[in-house]
Number of protein chains: 2
Amino acid sequence: MADIARLAGVSTSTVSRALSHSPLVNQETRDRILDLARSLNYTINIGAQNLRLQQNRTVAVVIPIEQATRQQLSDPFFLSMLGSLADALSAQGFDILVSRVDADEVDAAAAPFDGGRAIGVILIGQGRHHDQLNKMAARGVPFVVWGAQLPQQLYTTVGGDNVTGGRLATERLLAQGRRRIAFFGDTSLPEVEQRYRGYVEALAAHGLSPDPQLHVASSFLPESGGQAVAELARRGVAYDALFASSDLLAMKSIHAMREQGKDIPADVAVVGYDDIELSSYFHPPLTTVAQPRDVAARALVDALLVLVDGRSAPSVQLPTELIVRASA
Amino acid sequence: MADIARLAGVSTSTVSRALSHSPLVNQETRDRILDLARSLNYTINIGAQNLRLQQNRTVAVVIPIEQATRQQLSDPFFLSMLGSLADALSAQGFDILVSRVDADEVDAAAAPFDGGRAIGVILIGQGRHHDQLNKMAARGVPFVVWGAQLPQQLYTTVGGDNVTGGRLATERLLAQGRRRIAFFGDTSLPEVEQRYRGYVEALAAHGLSPDPQLHVASSFLPESGGQAVAELARRGVAYDALFASSDLLAMKSIHAMREQGKDIPADVAVVGYDDIELSSYFHPPLTTVAQPRDVAARALVDALLVLVDGRSAPSVQLPTELIVRASA
DNA sequence: CTGAAAGCGCTAACAC
DNA sequence: GTGTTAGCGCTTTCAG
């Protein structure tokens with residue numbers, strides 16, 4: 001900026017004003033300065049500007065990962081949520097700082113805020129440490145999380161209606177005459193737990209009670225699907241349907257079942273969760289519960305901005321929809 | 001920091017030194033200050049620190065998208081590359097600023113650097129505007145791109161060996177006795193063009209010349225696979241194999257062909273490209289060309305750091321590998 | 001319409 | 001071992 005000032009024969013104040021299109025500065029001077037800036041590929045140093053203005057147009061997007069299992073950022077659902085968030089945030093002129101934290105230390109997600117790097121944090125996924133998030137909220141970190149709404153929650157969540165989602169999925173399978181419905185999913189995660197609740201509700205509505213033998217607490221590991229299918233085989237339990245807590249898990253499980261010679265959906269009908277893009281191209285095309293990613297992303301951003309504004313933002317539960325395809 | 005200084009009864013200099021674990025400051029004072037900082041959830045304001053230190057630990061990761069088609073950030077390959085980059089950059093202590101630019105204005109990728117937000121830029125995908133990238137390089141923007149190496153290139157690329165990849169894929173199909181091999185891909189993209197070259201080379205080695213009727217310049221649109229398959233049908237061309245320039249495209253195409261009653265691989269053998277995670281779970285499991293994402297991510301980061309250091313970084317071409325599965 | 005000066009939060013000589 | 005001071009790049013009163 002000093003360079004430009006010198007070249008234009010004005011002070012840095014004038015350059016600053018010109019660059020911010022202040023009407024105070026002479027039209028001609030302004031044009032000269034803007035031209036100069038353009039030709040030098042000059043851009044305002046945002047760090048310094050932020051410092052001076054005490055403002056910030058950066059939002060941190062944080063993804064909790066299972067450190068223990070060294071899981072890669074790989075579930076297409078999370079990734080596409082990131083894409084939708086990128087859209088929503090860019091549209092509002094925010095920069096996006098992406099980071100990952102250990103799912104067992106989600107409170108580390110506050111770092112970009114504490115360090116003044118971001119005005120707030122969006123967490124894609126809630127992990128199992130509700131208490132850590134509550135503490136973060138208590139000490140005033142503005143953040144919202146994509147996840148389930150829990151009792152005594154001090155923070156704002158945006159999430160799908162997991163109970164209904166689980167119920168819809170299970171009802172679909174029941175409607176097809178299936179009675180031995182396996183459930184794959186780690187119920188220590190609140191979202192999965194709620195989907196499981198929907199599953200139990202649907203069973204109950206048909207006078208059935210869940211068979212614990214049919215529940216495999218498969219985690220989000222690379223090999224999870226295969227392992228879960230193998231586990232059922234080891235237990236020697238019969239099943240004619242599967243409700244998997246994510247599409248990725250459903251696809252891996254279908255692959256494993258196919259290797260056991262099972263036909264999908266004839267032998268085992270399958271419903272997944274998330275409606276990732278590839279679900280419709282999978283074979284058989286996957287029946288699944290759709291979560292509205294774009295709406296969710298906008299809701300997350302809106303809620304965060306409300307929080308940053310010092311107001312309180314209510315949690316949002318978005319409707320889920322059963323997408324019926326060939327797998328069930 | 002001033003608050004802590006006051007509470008600790010010292011000057012901000014001492015606080016600054018204590019926080020950076022300087023041995024200059026008295027052990028006892030230091031512990032008192034660190035405790036205080038912890039209890040206040042204080043973290044250094046990195047913006048201010050960067051300003052003062054004239055340093056920066058942020059790298060911009062930029063993804064070119066086809067604005068015209070409003071394409072979402074959806075190809076799992078790009079997303080998982082982002083994941084690998086996040087790993088590689090975090091490991092080196094860098095923050096990641098993610099943004100998307102219009103593929104027709106890739107030079108906008110320089111913005112985070114120009115604005116002092118990032119020390120350099122990693123572009124995931126090269127787009128079709130080689131010239132814009134060359135100009136960016138010429139004016140000293142430190143950046144590396146995941147993409148193809150081109151003649152007269154002033155910038156650094158890291159990419160797979162696309163020609164070999166294309167050759168391997170095509171050879172596999174030829175080895176299975178296929179002779180009418182369709183190629184789906186937008187050859188205006190350098191990487192795809194090179195894969196096409198490998199395809200042509202492999203054909204030539206078998207005394208075949210490429211039939212232009214078999215080439216569909218399908219873009220990376222959501223519906224691309226279906227459209228490409230429909231286009232072949234419209235042209236009335238017979239084919240017994242398909243080489244798709246991405247796994248996503250391959251999967252969509254397989255889905256479309258299956259709807260036409262074709263059996264994969266009996267009627268049409270298919271090879272994809274990228275080896276995304278779901279390829280092995282697809283039905284049939286996809287034969288594809290693997291690109292080493294983790295190695296690539298590390299190479300991209302390493303090259304960028306060399307550039308930031310003011311040295312010049314050679315382009316890197318990583319080996320590709322044919323992963324044989326059931327689809328071909 | 002423009003410039004001088006102060007200060008955002010931080011660090012590093014330099015002094016003591 | 002600690003404090004004083006200046007300054008990173010920017011904006012904005014306040015004076016002209």
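The chains referred to below are lettered A, B, ... by the order of the sequence lines, with proteins before strands, and numbering in each begins at 1.
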- Whole-Å distance, B/Asn50 CG to D/dG9 P, equals 12 Å

- Hey, could you give me the CD1/CD1 distance between A/Ile63 and A/Ile122, rounded to the nearest 0.5 Å? 11.5 Å

- Distance-only polar pair, side chains of B/Ser315 and B/Thr157, donor-acceptor under 3.5 Å: yes

- Message: Can you measure A/Leu53 atom CG to C/dG9 atom P for me and round it to whole angstrom units?
- Response: 12 Å

- Item | Check against side chain to side chain contact (heavy atoms under 4.5 Å, CB included), B/Leu7 and B/Ile4 | CA-CA 5 Å; B/Leu7 290 170; B/Ile4 296 184; 5.7 Å; no

- Message: Tell me the interatomic distance from B/Asn56, atom CG, to C/dT11, atom C1', rounded to whole angstroms.
- Response: 16 Å

- Message: Once salt bridge (charged side-chain N to carboxylate O under 4.0 Å, His left out) is applied, do any residues pair with B/Arg117, and if so which ones, sequence neighbours excluded?
- Response: A/Asp95

- Message: Rounded to whole Å, how long is the line connecting atom CG of B/Leu19 with atom C1' of C/dA12?
- Response: 15 Å

- Side chain of A/Asn45 - closest among D/dG9, D/dG3, C/dT11: D/dG9

- Query: Is the shortest side-chain N/O distance from A/Gln49 to OP1 or OP2 of D/dG9 below 4.0 Å?
  - Reply: no

- Say whether A/Arg128 and A/Ser188, considering side chains only, have a donor N or O and an acceptor N or O under 3.5 Å apart. yes

- Note on the structure: Residue pair B/Ala2/A/Thr12 against DNA chain C: nearer the 5' end by closest nucleotide is A/Thr12

- Item | Distance below 4.0 Å between B/Thr14 side-chain N/O and D/dG3 OP1 or OP2 | yes

- How close or far is atom P of D/dG7 from atom CZ of B/Arg52, stated in whole angstroms? 10 Å

- Round to the nearest Å and state the distance from B/Leu51 atom CG to C/dG7 atom C1'. 12 Å

- Message: For a side chain to side chain contact (heavy atoms under 4.5 Å, CB included) check, start with the C-alpha distance between A/Glu105 and A/Asp107, then their side-chain angles and the critical distance, and finish with the verdict.
- Response: CA-CA 5 Å; A/Glu105 291 173 20; A/Asp107 46 356; 3.9 Å; yes

- Task: Kindly say if A/Gln54 contacts the phosphate of C/dG9, meaning a side-chain N or O under 4.0 Å from OP1 or OP2.
- Result: yes

Heteroatom pairs (N/O) under 3.5 angstrom, protein to nucleotides 13-16 of chain D:
none

- Message: Please give me every residue in residues 23-30 of chain A whose heavy atoms get under 4.0 Å of an atom in DNA chain C, ordered by residue number.
- Response: A/Leu24, A/Val25, A/Asn26, A/Thr29

- Message: Rounding to an integer number of Å, can you tell me how far A/Ile33 CD1 sits from D/dC10 P?
- Response: 13 Å

- SB check B/Asp35 B/Arg30 (cutoff 4.0 Å): no

- Item | Contact under 4.0 Å: A/Tyr42 side-chain N or O vs D/dG9 OP1/OP2 | no

- Going from CG on B/Asn50 to CG on A/Asn50, what distance comes out if it is rounded to the nearest 0.5 angstrom? 11.5 Å

- Note on the structure: Taken to the nearest whole Å, CD/A/Gln55 to P/C/dG7 is 20 Å

